[in-house]
Protein chains: 2
Amino acid sequence: MKFEAATIKDIAKALGLSTSTVSRALRDSYEISEATKKKIKDYAAQINYRPNPVALSLKEKRTLSIGVLVSEIANTFFSQVINGIESIAYKNGYNVIITQSKESVEREEMILDYLTSRSIDGLIISVSAETNDFTNLKQLHEKGLPIVFFDRVVEEINTHKVVTDNLDGVYRATQHLLQNQCKRISVIANNANLSITKERLAGYKKALNEYKMNIDESLIKYCDHGGLIVEEVEKVVDELLTLKKKPDAMVLLADKITTETFSILKKKNINMPQDIAVIGFNNSKYTSLFSPALSVISQPAFEMGEQAAQLLLNLIESKRAVTDFKLEALAPEIIIRESSQISSR
Amino acid sequence: MKFEAATIKDIAKALGLSTSTVSRALRDSYEISEATKKKIKDYAAQINYRPNPVALSLKEKRTLSIGVLVSEIANTFFSQVINGIESIAYKNGYNVIITQSKESVEREEMILDYLTSRSIDGLIISVSAETNDFTNLKQLHEKGLPIVFFDRVVEEINTHKVVTDNLDGVYRATQHLLQNQCKRISVIANNANLSITKERLAGYKKALNEYKMNIDESLIKYCDHGGLIVEEVEKVVDELLTLKKKPDAMVLLADKITTETFSILKKKNINMPQDIAVIGFNNSKYTSLFSPALSVISQPAFEMGEQAAQLLLNLIESKRAVTDFKLEALAPEIIIRESSQISSR
DNA sequence: TTGTAGGCGTTATCAG
DNA sequence: CTGATAACGCCTACAA
């Protein structure tokens, strides 16, 4: 059972006019007399007429909706980004279709195929951790689908990108640990394929280099699924804790990895920051309520969403092909709390 | 710049056939010879043909998308529900259009108007805290728009509803506090209009009655915006703390209110549970990492989403008008942790 | 077995 | 100033 909404035809019939006259009157065309316009508009308002967006889409070859693909909606960072995207899209009359890959390549491929079979005008995407083959995405881009990357970007595809200044964020976080006399700073990173992993590790190494510390590869661990699988985090934490020369600090390079590691360390009754100082990426307000209150690198998620959406709308609505692409790198905020503050050691 | 995708026409032209033959072949009609079918299908695959969903929508008067309206996406409970909805919708070939009211009536009205101007086949909604006039929603429902309510339901509208067993959840939580010798148990509730508020308060009162305790109205507070505005929470917490006869426990009846109150109490250096025992609704995993670890009433959010989506799809795809509506009340989980466990007082 | 001719709701073009 | 017609991409009676 469906509810049948009024169409232009209904109005035309009721008023003894043609559909074209009605259409023109509703769009306030100059060629219609004020009297007819008024009659038509009044009647339209009365029966609560709304133009059918599907018919418009078919005619105008656009859907007024944009697709968003992230790895997980329930992740605070992503839901904040989506919030930002939504606010801009909404303001400009666009729908947002939100989808999640759950870090799976197959799901990502399926979703892309689905979304781009004409149901979106543009795409905002943070690629899944597993993905390292971007031919599909590249093809879509070459065919003319407007794409904006955020967070996890694909270097080979030339389009707008919105990221956190990951290098600087981790650089400052690591610096802070070094200033707190940490000597063996470990890191747990996301999948090595990801742009964010490379950038964040570069920040870590930059800080160590400045302090003339050696890069010890045994202190660098990866979670291929971005911490979505608890076991992969447990595994690397255990590896770090059973090293001959144990780390005295951890820098956690992804939201999920941060909270999982924190939880694991607590369960093992490891004192933070005394035994291990901890700082990691996370966007949830809740981390301030943790015990110890967690030091975090927080990304300007809402703004990232806003910027990505604005850039995408620019692409979609631009008349000429855009060739000048922007890379927006927004500054993260380093929030130092108890988990990384070593008063004396 | 748009990318032009292949159409049935293109295939027909390329193969010297008519569009209807192509259409039929692609849908595996019995009236087309195997040879032609194969030729057409091969070519379609080769040029990566995908039927245009917009054209299909126009023809079939359905969009294969469902709308979801919640108060806030970034709220863990809602993002988990959305997750559940998405999983079912996705499996059945439906799009999900996610929107948020931010607890504002105007936004809710605008979104409804937008969503229902033919761009969705059905709606899953948890109404905003401010809303107490449901004529709009009622009209939509009467016009035949399939609607499923979850969480915050509208009693006057007769359709499927998926809720947590709120009464029982709060009843058990309050009982737990009573068993822990709490004598003056206060509650902070969401907007009094909401179904969830009424149900949850009923649970509170039921427990007190069983223990032959008086209901002291000064211990019952409301946040009209569901805790979305920090000041409204601060105000009621202050009111409770400055009562002549202070409360020794708090039951917090909404996610946001729970975390805000917890944060306020911590800032005021109030010991939990010694000074005030605390338990509240919350769906974030993070609460176990709080200090003190927070006791919570956790809702089966993912399942709620799944059920709501399944019920909606049933409504949408049902041939005859549905008259037998379900009210699914799923059991919440009471997780007792430090914030409400009083060992000795 | 294949082709022709509408029609879904709208707007642009061309006529009057 | 207003109306008829075609077109967007697809499907389906009805013809051939």
Side-chain angles (χ1 to χ4, degrees), chain A residues 2-41 43-44 47-65 93 114 116-121 144, chain B residues 2-41 43-44 47-65 93 114 116-121 144:
Chain A
K2 288 257 54 130
F3 69 115
E4 307 285 335
T7 72
I8 271 190
K9 235 183 202 167
D10 298 331
I11 303 181
K13 203 175 293 171
L15 266 41
L17 291 167
S18 77
T19 56
S20 29
T21 304
V22 176
S23 170
R24 275 186 282 235
L26 292 172
R27 333 199 78 239
D28 237 344
S29 161
Y30 63 95
E31 12 178 32
I32 306 289
S33 74
E34 283 306 323
T36 334
K37 260 189 205 172
K38 180 158 171 32
K39 196 168 62 177
I40 293 174
K41 284 185 177 178
Y43 186 72
I47 64 170
N48 196 29
Y49 166 81
R50 291 274 178 290
N52 182 335
V54 174
L56 286 176
S57 291
L58 181 60
K59 189 139 190 55
E60 301 184 5
K61 301 192 171 208
R62 60 170 194 174
T63 57
L64 287 177
S65 57
Y114 173 62
T116 55
S117 69
R118 258 97 134 227
S119 54
I120 54 168
D121 293 345
Chain B
K2 288 255 56 127
F3 69 116
E4 307 283 336
T7 72
I8 272 190
K9 232 184 205 168
D10 298 332
I11 302 181
K13 203 175 292 171
L15 265 42
L17 292 166
S18 79
T19 57
S20 43
T21 306
V22 176
S23 170
R24 277 185 279 238
L26 292 173
R27 331 198 79 239
D28 237 342
S29 162
Y30 63 95
E31 15 180 31
I32 305 290
S33 74
E34 283 305 324
T36 333
K37 261 190 204 169
K38 178 157 171 35
K39 198 167 62 174
I40 291 173
K41 284 186 176 176
Y43 185 72
I47 65 169
N48 195 31
Y49 167 81
R50 292 275 176 292
N52 181 337
V54 174
L56 285 175
S57 291
L58 182 59
K59 184 138 194 53
E60 302 183 5
K61 299 185 176 219
R62 58 172 195 173
T63 57
L64 286 177
S65 54
Y114 173 62
T116 56
S117 67
R118 256 97 133 231
S119 53
I120 56 168
D121 294 345

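Convention: sequence-line order gives letters A, B, ...; per-chain numbering from 1.
Taking the C1' atoms of five terminal pairs at each end of the helix from C:dT1-D:dA16 to C:dG16-D:dC1, the two resulting helix axes are inclined by 60°, rounded to 10°.
If you check C:dT10, C:dT1, D:dT2 against the side chain of A:S33, the one that comes closest is D:dT2. You'll find that the side chain of A:T21 is closest to D:dG3, out of D:dC10, D:dC8, D:dG3. Comparing C:dC8, C:dG9, C:dT1 by their closest approach to the side chain of A:A55 singles out C:dG9.
Looking at B:P51 and B:L56, their side chains come closer than 4.5 Å, going by heavy atoms from C-beta outward. Under the 4.5 Å side-chain criterion, counting only non-hydrogen atoms from C-beta, B:D28 is in contact with B:K41.
Rounded to whole angstrom, the span from the CD1 atom of B:I11 across to the C1' atom of C:dT2 amounts to 16 Å. The separation between B:I8 atom CD1 and C:dT2 atom P is 15 Å, rounded to whole Å. Counting to the nearest Å, the P atom of C:dT4 and the NZ atom of B:K9 are 14 Å from each other. In this structure, CG of A:L26 is placed 15 Å from C1' of D:dT2, rounded to the nearest angstrom. Regarding A:L17, its CG atom lies at a distance of 20 Å from the P atom of C:dG16, rounded to whole Å. One can place NZ of A:K59 at 13 Å from P of D:dA6, the figure rounded to the nearest angstrom. A straight line from CD of B:E31 to P of C:dT4 spans 15 Å, rounded to a whole angstrom. Atom CG of A:D10 is separated from atom P of C:dG7 by 15 Å (rounded to the nearest Å).
Applying the 4.0 Å criterion to OP1 and OP2 of D:dG3, one finds that A:S18 has a side-chain N or O inside that range. A sub-4.0 Å separation between OP1 or OP2 of D:dC8 and a side-chain N or O of B:T7 is absent. In terms of phosphate contacts, A:Y49 brings a side-chain nitrogen or oxygen within less than 4.0 Å of OP1 or OP2 of C:dT10.
No side-chain donor from either of A:S20 and A:S23 sits under 3.5 Å from a side-chain acceptor of the other. In summary, the side chains of B:S18 and B:T21 do present a donor paired with an acceptor at a separation below 3.5 Å, with no hydrogens or angles considered. Between the side chains of A:R50 and A:N48, a donor-acceptor pair is found at a separation under 3.5 Å.
With hydrogens and angles disregarded, a donor-acceptor distance shorter than 3.5 Å links the side chain of B:K37 to the backbone of B:S29. A distance-only check finds a donor-acceptor pair linking the side chain of A:D121 to the backbone of A:T63 [under 3.5 Å]. Side chain of A:S57 to main chain of A:R62: a donor-acceptor pair is present (N/O by atom type, distance under 3.5 Å, no hydrogens or angles).
At a cut-off of 3.5 angstrom, counting only N and O atoms as typed in the model, there is a donor on one side and an acceptor on the other between the side-chain of B:S20 and the base of C:dT4.
Across all strands shown, A:S57 has no heavy atoms under 4.0 Å from either base or sugar-phosphate atoms. If you check every strand for non-hydrogen atoms under 4.0 Å, A:S23 touches a base.
Judged by closest nucleotide on DNA chain C, B:V22 is the one of A:R24 and B:V22 placed further toward the 5' end. Positionally, the nearest nucleotide of DNA chain D for A:I32 lies more toward the 5' end than for the other of A:I32 and A:T19.
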